[in-house]
Protein chains: 2
Amino acid sequence: MEREKIRKDITIKDVAKRAGVAISTVSRVLNGLDKVSPRTEKKVREAVEELGYVQNVLAVSMVTGQTKTVLMAVPDFTNDFNGSVIQGAEEYLKEQGYTMLICSTKDFGEEDFENLYRRFSKLAEGILVVPANPDRMDYGRWEKPLVLVDVYRPQEDYYTIEIDNAGGTFLLTEELIKNGHRKIALVGGLPDETASGQRVAGYLEALKAYGIPVDKRLMVPGVHFEDTGSRGMERLLDLPEEIRPTGVVAVNNLTCIGCMKALAGRGMRAGREISLAAFDDHLLARYSVPAVTVIERPTIEMGREGARVLLELLRGRRPEQKRLIMESRLLKRDSVKRL
Amino acid sequence: MEREKIRKDITIKDVAKRAGVAISTVSRVLNGLDKVSPRTEKKVREAVEELGYVQNVLAVSMVTGQTKTVLMAVPDFTNDFNGSVIQGAEEYLKEQGYTMLICSTKDFGEEDFENLYRRFSKLAEGILVVPANPDRMDYGRWEKPLVLVDVYRPQEDYYTIEIDNAGGTFLLTEELIKNGHRKIALVGGLPDETASGQRVAGYLEALKAYGIPVDKRLMVPGVHFEDTGSRGMERLLDLPEEIRPTGVVAVNNLTCIGCMKALAGRGMRAGREISLAAFDDHLLARYSVPAVTVIERPTIEMGREGARVLLELLRGRRPEQKRLIMESRLLKRDSVKRL
DNA sequence: TTGTAGGCGTTATCAT
DNA sequence: ATGATAACGCCTACAA
């Protein structure tokens, strides 16, 4: 098999020749580590300029062992939460002179993770992960610094960037209760030991705190996808009048969107025929009429912090804490009707 | 307790020693290019397995000159159009054994592009760009295969993935006209020779085709950001009754969102107090009540096609055509009121 | 201060 | 069929 090279690049050797010095001298002025006489430095800089020399980062990585590259793995890029996290992380990495590799892990099976590992383990110094729901990745495999954004799995102990999940759904549920709701449904969430499970727990805590009995018929479990939301809402709307909820809590942005889709399909709107409160702010929640009450998370900041902690790790420092819990807040809007 | 030294990575040399063969032999079975006896192959494979050897892609790139890596540059990751394009491109690249590097170019100045070039030119074999609006990037700099998604700049001739911009706004405007509208505004768009200018042109063509005089007061030019949309809509709503438009065309997703935001701020909705039709489908347009009439583009496919064309180029093949114009279509919904 | 030379982990080209 | 070995482009002791 023949491998053709596009064009011979200018190398450090060419620069050295042009400047009439040794390549080590060029390397020295480029990296500015060692002392070089002003005169030689000038000659070298001129040669670099004239030839338009650009360092070959691959060769540098080979010898230094540092790729200055980080892998970011997210379920997919069409989810605006992921987009924001990426945005924050990428900005920070760029500032710090790091480059971001990226990979979407939606529908990944064991074999895919194997490939992911093979392709990136030697290329990325560390890895920043936004886990899928459900999460099938084997983190133990990576013997590199790894930071998880938006997850909490108590059985392992990685560095994580989180928010208070239970507290969020508690606030959402409480908001409905305070507005006179008693028949409150929960759409999405799985009763496991992850962020999802915490959100379910928060809902249950709120009901308990206000002495409202749990009605299993009002809980529609499911993964955090749009489909869970739309089907869930359909199911709830079809409940007989006396059971049918007056308020609904959606566990995340996608399930919320699903709920709104189902409502739209029947010509209904959140805040009119039924009340809705959800985790995560997004376009639809923000600009719908009525706008939807949500828990807002500092998504961009979560990405930034994830990248920051990862770089701390890469630099051999020990971050202040394993779990970084970020602030989120309730944004009261008009989708919760006063009963 | 004794601590282990930092584990040196397993290299091809270790595998060779373990299998009792030369490194070139290991390389041969790994790449399967040359003939190797079944017996040696077995020994090597076992050694690889036992040591958990993973190829160092950097070293491979060094010698082959191929990084199997592509850079994708987008304005930002929070825009869902960009997210979809990335999704499509990343999927295709992954299928083809390529890795994606990523960089957001929002607010990039000349110096930033310089850095972008220095950091990636030796790392990426090609580059896939979703240009910003306005677009400040100097494409000529990259002496590598380059594909532009969602742009058309007639003065240069790069490979591009486009849609019929003028046709899109024509359809949008026509839809309003057909529903009895005569005072039709345009929000966003700049009268230049890019996709943006084409969208303005389509609007003008439609008015002309139906014999409706152009009213400059109903045209609110601007870059394709949310702010342009919200301010534009505000301005239009404040126009005296006799001039005020009954229908509005927004040039893209962000300006449309801005328009809807402005409406929401006044408790108004598209399809009620005023009609709205816009370029690009998105969450808010889809699930609002009423839902917004839009031009839908095959965003994921645009990303895939961009990646495909780029790989064609990288493989030395000549893509069928310089400009690939993809199909888009009008999605009639309920934001255009029959007058 | 500057130059020489030995790697970094592979592939590919020679021999054998 | 297999083994040696020269690149790839750069950094970094070590020499000079």
Side-chain angles (χ1 to χ4, degrees), chain A residues 1-45 47-48 51-69 118-123 125, chain B residues 6-45 47-48 51-69 118-119 121-123 125:
Chain A
M1 193 163 116
E2 211 174 344
R3 322 240 195 201
E4 51 175 332
K5 226 167 267 183
I6 314 274
R7 189 182 79 98
K8 178 131 180 16
D9 277 344
I10 309 283
T11 75
I12 197 174
K13 214 179 277 180
D14 301 313
V15 177
K17 193 184 296 173
R18 175 86 166 218
V21 299
I23 59 170
S24 53
T25 303
V26 178
S27 174
R28 269 188 277 262
V29 344
L30 255 40
N31 300 308
L33 301 176
D34 242 324
K35 278 168 218 314
V36 184
S37 84
R39 232 183 114 256
T40 357
E41 164 150 11
K42 184 156 175 288
K43 280 195 299 184
V44 171
R45 294 229 177 275
V48 166
L51 295 165
Y53 168 74
V54 173
Q55 240 187 359
N56 184 325
V57 287
L58 255 61
V60 175
S61 295
M62 276 262 26
V63 37
T64 63
Q66 309 212 284
T67 58
K68 293 287 185 188
T69 289
R118 305 184 76 82
R119 185 175 304 155
F120 292 105
S121 73
K122 289 286 167 35
L123 201 47
E125 293 181 20
Chain B
I6 297 167
R7 207 172 61 83
K8 198 168 164 311
D9 273 353
I10 308 284
T11 75
I12 197 173
K13 218 178 272 181
D14 301 314
V15 177
K17 192 184 296 174
R18 176 87 165 218
V21 299
I23 59 169
S24 48
T25 303
V26 178
S27 175
R28 267 189 280 263
V29 345
L30 256 39
N31 299 307
L33 302 176
D34 240 326
K35 280 169 218 312
V36 184
S37 85
R39 230 183 114 256
T40 7
E41 164 150 10
K42 184 157 176 284
K43 279 195 300 184
V44 171
R45 294 228 177 275
V48 166
L51 275 60
Y53 168 74
V54 173
Q55 239 186 358
N56 184 323
V57 287
L58 256 60
V60 174
S61 295
M62 277 263 26
V63 35
T64 63
Q66 311 211 270
T67 59
K68 293 287 184 188
T69 289
R118 304 184 77 82
R119 185 174 304 156
S121 73
K122 288 287 168 36
L123 202 46
E125 293 182 20

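Computed from a prediction, not measured in an experiment: that's the story for all the values here. Chain A is the first sequence line, chain B the second, and so forth, proteins listed ahead of strands; every chain is numbered from 1.
The distance from atom OH of A:Tyr53 to atom C1' of D:dC10 is 7 Å, rounded to the nearest whole Å. Atom C1' of nucleotide C:dG3 and atom NZ of A:Lys17 are separated by 17 Å, given to the nearest angstrom. Atom CD1 of A:Ile12 and atom P of D:dT12 are 11 Å apart (whole Å). Rounded to whole Å, the distance from CD on B:Gln55 to C1' on C:dT11 is 10 Å. The CG atom of B:Asn56 sits 13 Å away from the C1' atom of C:dT11 (whole-angstrom rounding). The interatomic distance linking B:Lys68 (NZ) with C:dT10 (C1') rounds to 16 Å, in whole Å. Spacing between atom CG of B:Leu30 and atom P of C:dT10 amounts to 9 Å, rounded to whole angstrom units. For the pair A:Asp9 CG and D:dG9 P, the computed distance is 8 Å after rounding to whole Å.
B:Val44 approaches B:Val21 most closely through the heavy-atom pair CG2-CG2, 4.0 Å.
Note that the CG atom of B:Leu123 and the OG1 atom of A:Thr67 stand 9.0 Å from one another [nearest 0.5 Å].
The side chain of A:Met62 lies closest to C:dC8 when the candidates are C:dG3, C:dC8, D:dA1. Distance from the side chain of B:Asn31 is smallest to C:dT11 among C:dG9, C:dG3, C:dT11. Considering only the side chain of B:Ser27, C:dT11 comes nearest among C:dT11, C:dT10, C:dT2. Here the side chain of B:Ser24 is nearest to one of C:dT10, D:dT2, D:dG3, namely D:dG3. Residue A:Arg28 places its side chain closer to D:dA13 than to any other of D:dG3, D:dA13, C:dT11.
In this structure, B:Lys122 contributes its side chain and A:Val54 its backbone to a donor-acceptor pair below 3.5 Å. Here the side chain of B:Ser27 pairs no donor or acceptor atom with the backbone of B:Ile23 at under 3.5 angstrom. Side chain of B:Asn56 to main chain of B:Leu58: a donor-acceptor pair is present (N/O by atom type, distance under 3.5 Å, no hydrogens or angles).
Backbone-only contact: A:Thr40 has heavy atoms under 4.0 Å from sugar-phosphate atoms and none from a base. B:Thr11 comes within 4.0 angstrom of sugar-phosphate atoms only, judged by non-hydrogen atoms across all strands, and of no base.
Taking for each of A:Ile23 and A:Glu41 the nucleotide of DNA chain C with the nearest heavy atom, the 5'-most of the two is the partner of A:Glu41. When the nearest nucleotides of DNA chain D are assigned to B:Ala59 and B:Ala22 by heavy-atom distance, the more 5′-ward of the two goes with B:Ala22.
No hydrogens or angles were tested; on distance alone, nothing pairs the side chain of B:Thr25 with the base of D:dG3 as donor and acceptor under 3.5 Å.
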